[in-house]
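Contents: one structure, followed by commentary.
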Amino acid sequence: DAGVTQSPTHLIKTRGQHVTLRCSPISGHKSVSWYQQVLGQGPQFIFQYYEKEERGRGNFPDRFSARQFPNYSSELNVNALLLGDSALYLCASSLALSGGGASHEQYFGPGTRLTVT
Amino acid sequence: AQSVTQLDSHVSVSEGTPVLLRCNYSSSYSPSLFWYVQHPNKGLQLLLKYTSAATLVKGINGFEAEFKKSETSFHLTKPSAHMSDAAEYFCVVSLLTGGGNKLTFGTGTQLKVEL
């Protein structure tokens with residue numbers, strides 16, 4: 001089975017522009033989460049979606065938004081880009097949000113490297 | 001609030017010697033704890049998890065971790081390091097809240113393995 005896929009792999013944008021990042025979860029997974037990893041730091045939680053509904057939001061400004069589609073894929077949108085938005089954006093999927101076994105384990109994609117100049 | 005503290009930002013070992021990566025956690029509830037590994041230019045891979053079953057957890061590639069409630073620790077160990085173990089390791093706590101499941105990552109430990 002294919003793992004979590006993300007596109008594009010790399011992206012260069014200018015300050016003030018808008019960007020859309022895409023994520024396809026593992027087949028059968030209904031939850032998608034987004035994380036931002038700034039160079040030299042651990043990933044920070046941005047959003048979580050389950051069954052197309054937002055189930056969690058991290059401490060990020062309103063310039064960040066996301067949505068989940070009926071096929072469980074997801075988009076992360078960032079408006080009015082700032083230099084500080086330069087980071088690796090990671091998407092993770094899980095079967096569910098909680099429960100026994102591996103149902104809530106999150107599996108990560110390779111990430112999208114965003115550079116803002 | 002739940003959090004994890006990784007006590008060492010860098011650890012260097014010789015190939016064939018034991019590995020110890022230290023992690024302390026803070027949690028109001030019985031936590032779910034994980035270790036993830038990130039190789040250069042790769043995504044995060046789950047090494048192992050603790051979810052209130054056995055306190056000694058075995059993971060992939062010979063890694064294991066022991067949950068010690070009295071010490072609020074979840075240290076990662078491996079008896080014998082291999083060159084391929086060189087990577088960044090993250091200790092992670094999971095918070096189930098408001099219908100969601102949020103992962104909180106530590107700051108990471110860079111493991112270097114020398115010949």
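Remember, predicted model here, so these are calculated numbers, not experimental data.
- With respect to chain B, the highest number of heavy-atom pairs below 4.5 Å among Arg113(A), Gln37(A), Glu53(A), Glu54(A) belongs to Gln37(A).
- Here Phe105(B) and Phe45(A) keep their ring centres 6.0 angstrom or further from each other.
- Heavy-atom neighbours of Ile12(A) CD1 from other residues, nucleotides or ligands within 6.0 Å: at or below the threshold of 12.
- Heavy atoms from other residues, nucleotides or ligands lying under 6.0 Å from NZ of Lys112(B) number 12 at most.
- Neither the backbone nor the side chain of Gln110(B) comes within contact range of chain A; no heavy atoms are under 4.5 Å apart.
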Practice task
Please assess Lys102(B) against Gln48(A) for the test side chain to side chain contact (heavy atoms under 4.5 Å, CB included), listing each intermediate value before the final yes or no.
Solution key: CA-CA 8 Å; Lys102(B) 165 188 169 182; Gln48(A) 184 173 62; 5.9 Å; no
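- Of the two parts of Thr104(B), neither the backbone nor the side chain holds a non-hydrogen atom closer than 4.5 Å to a non-hydrogen atom of chain A.
- Transitive grouping of hydrophobic side chains (ILVMFWY, heavy atoms separated by less than 4.5 Å) brings Val37(B) and Val113(B) into a common cluster.
- When hydrophobic clusters are built by joining Ile, Leu, Val, Met, Phe, Trp and Tyr residues whose side-chain heavy atoms come closer than 4.5 Å, directly or via intermediates, Phe67(B) is grouped together with Leu47(B).
- Legend: residues meeting salt bridge (charged side-chain N to carboxylate O under 4.0 Å, His left out) with Glu64(B), ordered by chain and number and at least two apart, are Lys58(B).
- Contact annotation for Gln44(A): neither backbone nor side-chain heavy atoms come within less than 4.5 Å of a heavy atom of chain B.
- Val19(B) and Leu76(B) fall within the same hydrophobic cluster, where Ile, Leu, Val, Met, Phe, Trp and Tyr residues are linked whenever their side-chain heavy atoms come under 4.5 Å apart, directly or through other members.
- Cluster annotation: Leu21(A) is connected to Ile46(A) through the hydrophobic network of ILVMFWY side chains, with a link wherever side-chain heavy atoms come within less than 4.5 Å.
- Residues Phe90(B) and Pro43(A) share a closest heavy-atom pair of CE2-CD, 4.1 Å.
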Practice task
Take Leu103(B) and Tyr35(A), measure what side chain to side chain contact (heavy atoms under 4.5 Å, CB included) needs, and give me the verdict at the end.
Solution key: CA-CA 9 Å; Leu103(B) 297 184; Tyr35(A) 295 81; 3.2 Å; yes
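- Only the side chain of Leu46(B) has a heavy atom closer than 4.5 Å to any heavy atom of chain A.
- Environment of CG in Asn71(A): crowded, with over 12 heavy atoms of neighbouring residues, nucleotides or ligands closer than 6.0 Å.
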Practice task
Start with the C-alpha distance between Gln41(A) and Thr107(B), add both sets of side-chain angles, then the distance that settles side chain to side chain contact (heavy atoms under 4.5 Å, CB included), and finish with yes or no.
Solution key: CA-CA 5 Å; Gln41(A) 297 181 21; Thr107(B) 51; over 6 Å; no
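- Of the listed residues Gly42(A), Gly111(A), Pro110(A), Ser33(A), the one with more heavy-atom pairs under 4.5 angstrom with chain B than any other is Gly42(A).
- With hydrophobic clusters built from ILVMFWY side chains whose heavy atoms lie under 4.5 angstrom apart, Phe63(B) does not share a cluster with Phe34(B).
- Close approach to chain B, defined as a heavy atom under 4.5 Å from one of its heavy atoms, is seen in Leu88(A), Leu90(A) of residues 77-91 of chain A, taken by number.
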Problem - Phe108(A) vs Tyr36(B), ring-ring contact (aromatic ring centres under 6.0 Å, His included): CA-CA, chis, key distance, verdict - result: CA-CA 10 Å; Phe108(A) 285 81; Tyr36(B) 280 84; 5.4 Å; yes
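- Counting non-hydrogen atoms of other residues, nucleotides and ligands closer than 6.0 Å to CZ of Arg63(A) gives a total above 12.
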